[in-house]
Amino acid sequence: MKSNDTKDMVLRVAKAAAVPLAVWAIMQAIDLAFAGMGVINNSADIKTLFRNLISSLAFALAIGANLNCGRMDLSLGAQMYAGVIFGGNIALMFNLGGIGVLILSMAVGALCGLVIGFVFIRLRILPMVLGLGMTLVFECMCFAINNQQGIILYGKSGVDILSNITFIVIVTVAIVILAYYMFQLSSYGFKYRAIQGSQKLAADAGINIYSNCVICYVIAGTLVACAGVFTTIYQGNLTPVLGMSSNGKVFTNMFPMVLGTWIGGLCHNREGGILMGSVTVNIIILGLTKLGLSNSVQNVVIYALFLLFVVYNTNRSKIDYHRARRARVAEARKMLAQKAAVH
């Protein structure tokens, strides 16, 4: 029994790791052929990969948290800005260092999620409409604070730990483990999955779907604030935006979420799948950078790949059907040929 469990676990890990490894091999061949260098050549490339990975991972998990229950929250980008700008500036004001910036940013992000969740269950506004409205509110709030400068982490004392690879790896592992526990092992996760199946049946079974919804918004707000902190330390600063420009963060991280959900279906672990999806997308981005492509061209390539994957994933059942149909036709022809040979 234990041997079968171990074999099954190894098979799941192999399936999850196969996608990023295959993409790395393809990008490696392309970069060597056209740029004369590999995807990862030195420690700087490794740091860049991990810094971008933790941001896209946390953001992708946040998007999927609500989307899996049918709620598309377009305010996640604005929540990220609000969490980092308000929480980060408070931490800098009290000289709490990098860990203080991370903790307070996540706390403010959780508060933003709590506000949106509470408004949602009270007013019953469509999630996308509510997200657009709250985006405008949070963007204006961020623009009004700190003389419209947002937050500057470059050159600040005590924040160097946020750039430390070991610390980034620890936080990445912690995010995956905590997300897996919350959505798969905890009592909240059990209710969350029941609501995914049917909100009416879950409510009839005695599950409080409203409190579960608010908690989901809080988790998402916490995750995007965490993502924002590592994005800010990499850029050096985070400048507030207006006109719903923060929505770009949501759409940028849709690809890792969708790809990761598909990988999660292969390995039966959604959180691990999203981790592998984030690794895959960031390998593609790093490979495109080595080709010397501008950010706009990289975005065109990434979104094109995203669209192709969505088309494939949407029509996967049709592809499987035609494949099975061809197999049945081939089997029928084989049997007819055998009968003809006998007679």
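The distance from atom CZ of F50 to atom CD1 of I168, rounded to the nearest 0.5 Å, is 8.5 Å. For the atom pair CD (Q28) and CG (L21), the distance works out to 12.0 Å, reported to the nearest 0.5 Å. In this structure, CD1 in I90 is found 12.0 Å from CD1 in I85, a value given to the nearest 0.5 Å. Atoms CD1 and OH, on I151 and Y81 in that order, are 12.5 Å from each other to the nearest 0.5 Å. Between Y180 atom OH and S186 atom OG the span is 11.0 Å, to the nearest 0.5 Å.
For T135 (side chain) and L74 (main-chain N/O), a donor-acceptor pair under 3.5 Å exists by modelled atom type. Between the side chain of N299 and the main chain of N295, a donor-acceptor pair closer than 3.5 Å is present.
The environment of CZ in F167 is crowded: more than 12 heavy-atom neighbours from other residues, nucleotides or ligands sit within 6.0 Å. M72 CE: more than 12 foreign heavy atoms inside a 6.0 Å radius.
Linking Ile, Leu, Val, Met, Phe, Trp and Tyr whenever their side-chain heavy atoms come within less than 4.5 Å puts I175 and I177 in one cluster. Note on L242: it does not cluster hydrophobically with M134, by side-chain heavy-atom contacts below 4.5 Å among ILVMFWY residues. One hydrophobic cluster, built from ILVMFWY side chains closer than 4.5 Å, holds both V119 and I116. Both V171 and I46 are assigned to one and the same hydrophobic cluster, defined by single-linkage of ILVMFWY side chains at heavy-atom distances under 4.5 Å. In this structure, L201 is not a member of the same hydrophobic cluster as I209, with clusters built from ILVMFWY side-chain heavy atoms closer than 4.5 Å.
Classification of the Y312-W262 ring pair by plane angle, with boundaries at 30° and 60°, yields perpendicular.
Inspection of the T232 and N237 side chains reveals no N or O donor paired with an N or O acceptor under 3.5 Å. Looking at Q79 and D73, their side chains do bring a donor and an acceptor atom within 3.5 Å of each other.
Among all heavy-atom pairs drawn from L136 and M244, the shortest one is CD2-CG, 3.5 Å.
Under the side-chain contact (heavy atoms from CB on, under 4.5 Å) rule, I99 has a single partner from I161, L162, L104, which is I161.
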Go through the steps for Y192 and F183 under the test ring pair (Phe, Tyr, Trp, His ring centres under 6.0 Å), then give the verdict.
CA-CA 7 Å; Y192 173 85; F183 291 111; 4.9 Å; yes

